[in-house]
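Chain identifiers are assigned alphabetically (A, B, ...) following the order of the sequence lines, protein sequences preceding nucleic acid strands; residue numbering begins at 1 within each chain.
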Protein chains: 4
Amino acid sequence: MASGTPVLTVSDDEVSASSPIKTRDAGNTQQLLLHAARRRFARDGYAATTVREIAADAGVNVALINRYFTSKEGLFEACLTRVVERLERPGEVVDSIERAARDIIRTISDSPNGDDSLQLLLLLRTSGDEGAERIRRATFRNFTERLAAAAGWRRDDPTTEHLMLRAQLAMATAFGTVLLRSTSGLEPLTSASESELSGPLTEVLTGLLAP
Amino acid sequence: MASGTPVLTVSDDEVSASSPIKTRDAGNTQQLLLHAARRRFARDGYAATTVREIAADAGVNVALINRYFTSKEGLFEACLTRVVERLERPGEVVDSIERAARDIIRTISDSPNGDDSLQLLLLLRTSGDEGAERIRRATFRNFTERLAAAAGWRRDDPTTEHLMLRAQLAMATAFGTVLLRSTSGLEPLTSASESELSGPLTEVLTGLLAP
Amino acid sequence: MASGTPVLTVSDDEVSASSPIKTRDAGNTQQLLLHAARRRFARDGYAATTVREIAADAGVNVALINRYFTSKEGLFEACLTRVVERLERPGEVVDSIERAARDIIRTISDSPNGDDSLQLLLLLRTSGDEGAERIRRATFRNFTERLAAAAGWRRDDPTTEHLMLRAQLAMATAFGTVLLRSTSGLEPLTSASESELSGPLTEVLTGLLAP
Amino acid sequence: MASGTPVLTVSDDEVSASSPIKTRDAGNTQQLLLHAARRRFARDGYAATTVREIAADAGVNVALINRYFTSKEGLFEACLTRVVERLERPGEVVDSIERAARDIIRTISDSPNGDDSLQLLLLLRTSGDEGAERIRRATFRNFTERLAAAAGWRRDDPTTEHLMLRAQLAMATAFGTVLLRSTSGLEPLTSASESELSGPLTEVLTGLLAP
DNA sequence: AATGAATGAGGTTTCATTCAT
DNA sequence: GATGAATGAAACCTCATTCAT
């Protein structure tokens, strides 16, 4: 079952659609805040986002952010942690480069509106908080190690170090594309469908990972 | 002479090194402010940067920002315009894909500390100001059109539209790599030298532009 | 009931004296701010008044001005609106010139410290804000129309137009006297009692309104 | 020749029209500044006026205000002094009530654009500066004493004190009318001609001064 | 004498956070 | 658990004034 594990795709089961929206439910309130916060932080960045906006999006009182997450930074860190929990799958290996490429392309195609790509963007945002920064970097490392491993990289074999660099460049392509699709308004890139993106991106990613 | 025009490289001749640093010199003060502002805006983003930081970096009084650039947004727009003036070279064509790739790679290698890559990062920052947004988008378009043209794209030939998409993906790779080198701390990517980056990036870029 | 309606006199029931001063009460806070602001704006003018002074007078935090009134201009406009709400009494007619004169004289005598005259002074202050300006002018018009009507002016009878001019001159006398009593320090004018003012002012006002 | 001295009318000979506008002429520069400052201070009030506006109106460098008048307050005081020098005519007596009334009416009719009425308005403006305040009050006193004297008031005869009050009320009418014509936009008052104003104002003023 | 660059104090406003209900 | 009032720090900006040319 390790086979078939997505690299970047996540399944967002945070807010279970079946449950009616309950007020006076601490857990639910937290989910609403996390969801709204992730969107705002990912799209507008940490500093440009106000806690009042987040609370308004979530339909929740502002003071609850401090109650549940201590501070704005705490909320940001929680968003990041959520992303990481879903993206990192320790023990699971990416078994095939083709599958990895396909997953990445799907996440890219998901942007700019999908939730998967939002999580990627979030990793590019910085709050100045040291705790959040550590999380970000660890996640980056974890990502690229798993991707590099699929390409043959071994931690204890220095002769495979160039594969790590290549995996990181693959990640860079993914991040750059999501970012441009989300913020540049460039056409045809922004509106390109998965089928249009698939060809060139497969070339790039497999070219990088299977030299 | 159009031959040999760099795509992304800029030569920063803003502050002539030979002239002694003059105080009480409006032009010089403006340059100092622009320089400091570009660094901060590129690295930390618009909202996270305070005008006091910029003024302190530049070693001048805060009020001069408003005097010379009307507002923080005005300063941001001026930074962007500066970048554009240097990057856009209307009338000049990029004559060869190999040369374009080499230029892009040089700019990427320049990051995270070099000035060229700072200008790229600046294009990813947003201030919420409408004027600045227009400039950003126009610059993106101009960039990719010139790059696409080198790959054979023609504005009036719809059958070459896929080349535009590929040029934009090439830009995305460049942006993503600069960004990751600047903010992720990922190794070996962050510290990779131009000679290490050259191989895989040339593959990617020429693969995208010369399919 | 229309009989006996004062022209300029207002009954200040804003802060009900019976209720204990409550903190953490938005409505009360707004009243405190309005009260303090009206005093300052009327006495010192709009530009010379700082929001910090107003907040200090009201004994509340400065930020609440923006919370409740959006801006300094918003607060000024709110002060003006309050005045207008009390002074304008649409549908009510001033039935006798003698009564109108008596009311005006009472308001004049109220100055410089009374609340009624403060409201008059406020109408002479200008903030540069377009909204406030409209309110001011409409209020002036309303005032003088009601006063002129008492003197026999009819909107659709051009032969009574001179009565409007006379009513406006009566207003001018009232404004001028309040202003001089408030800001000139002239004696005996400033300290004159209602009984001292009554004689000459009655002459002037009835002379103007009942030619 | 004491006969015929105007009460409020001034002849503005500040800037002699025959002399060509000379630059590098300290005296001329001061006149330009005083003239521009008086307009602004009278119309907009002290606090709402910026020294840059004044300098721009005068076509002169801002720093010269401090050079010639020490400070913004110094300039205001100088404006006031100028007004006073022209308005106060020690030794001259107002010989007839009719003539005084006519002069006052002429000054009122001069508003809102004329220079005479500007000088009146200036007296209603306050800078917070103690020196200026003293000047204002002394001028008020001087004015009303001369007017009261024409009505029969004697400084050492307490039984004529009511005449002083009446003179001050006459001044108040003048001030109020100029103010309303200048800032209220009320019609027909604002546009009324001298012939229209003359009737009712003569009634009021002679009624007050010749009881 | 005149200019324009530079400064610092202070003004309004925003925002994260805390407090009382 | 939730709300909304209140707070204080800090942000951007304006303005009178001083300094160097």
Side-chain angles (χ1 to χ4, degrees), chain A residues 22-30 47-55 59-75, chain B residues 22-30 47-55 59-75, chain C residues 22-30 47-55 59-75, chain D residues 22-30 47-55 59-75:
Chain A
K22 293 195 304 178
T23 183
R24 299 256 162 189
D25 171 348
N28 188 40
T29 300
Q30 290 175 32
T49 301
T50 73
V51 292
R52 291 201 130 81
E53 285 169 342
I54 295 172
V60 158
N61 188 281
V62 206
L64 297 180
I65 288 179
N66 296 280
R67 181 165 179 73
Y68 290 130
F69 302 98
T70 311
S71 66
K72 186 188 180 186
E73 276 186 348
L75 176 56
Chain B
K22 287 204 312 177
T23 182
R24 218 105 199 159
D25 172 348
N28 187 40
T29 299
Q30 291 172 30
T49 301
T50 74
V51 291
R52 291 203 130 82
E53 287 170 343
I54 295 171
V60 306
N61 187 281
V62 208
L64 296 178
I65 289 179
N66 300 283
R67 179 164 166 67
Y68 292 126
F69 302 99
T70 312
S71 66
K72 186 188 180 186
E73 273 187 352
L75 176 56
Chain C
K22 287 204 311 177
T23 181
R24 218 110 197 153
D25 171 348
N28 188 40
T29 301
Q30 290 172 31
T49 301
T50 74
V51 291
R52 292 200 132 85
E53 287 169 344
I54 295 172
V60 306
N61 187 281
V62 208
L64 297 179
I65 289 179
N66 299 283
R67 179 164 168 67
Y68 292 125
F69 303 99
T70 311
S71 66
K72 185 187 180 186
E73 274 187 351
L75 176 57
Chain D
K22 292 195 304 177
T23 183
R24 297 258 163 191
D25 173 346
N28 188 39
T29 299
Q30 290 175 32
T49 301
T50 73
V51 291
R52 292 200 129 83
E53 286 170 343
I54 295 172
V60 158
N61 188 279
V62 206
L64 297 180
I65 288 179
N66 294 282
R67 181 165 178 74
Y68 291 129
F69 302 98
T70 311
S71 66
K72 186 187 180 186
E73 276 187 348
L75 176 56

For D:Thr49 and D:Lys72 the tightest heavy-atom approach is O-NZ, 2.8 Å
Select base, sugar-phosphate, or nothing to describe what C:Phe69 touches, counting heavy atoms under 4.0 Å on all strands.
-> nothing
Taken to the nearest whole Å, CG/B:Asn28 to C1'/E:dA6 is 14 Å
Applying the 3.5 Å cut-off to both distances, the Watson-Crick or G-U partner of E:dT21 turns out to be F:dA2
When rounded to whole Å, the CD1 to P distance for the pair D:Ile54 and F:dA16 reads 8 Å
B:Ile65 atom CD1 is separated from F:dC13 atom C1', nearest whole Å, by 11 Å
Heavy-atom nearest pair, D:Tyr68 first then D:Gln30, reads CD2-NE2, 3.3 Å
Separation between CD1 (C:Ile54) and CG (C:Leu64), nearest 0.5 Å, reads 13.0 Å
When rounded to the nearest 0.5 Å, the distance separating CD1 of D:Ile65 from OG1 of D:Thr70 is 11.5 Å
The reported gap from CZ in A:Arg67 to CG in A:Asn61 (rounded to nearest 0.5 angstrom) is 11.0 Å
Heavy atoms of B:Asn66 and B:Ser71 approach each other most closely as OD1-CA, 3.8 Å
Residue pair A:Tyr68/C:Tyr68 against DNA chain F: nearer the 5' end by closest nucleotide is A:Tyr68
Nucleotide by nucleotide, nucleotides 7-12 of chain F touches protein heavy atoms under 4.0 Å in the pattern (B base, S sugar-phosphate only, - none) BB-BSB
Checking N1-N3 plus N6-O4 or O6-N4 for Watson-Crick, or N1-O2 and O6-N3 for wobble, each under 3.5 Å, the partner of F:dG8 is E:dC15
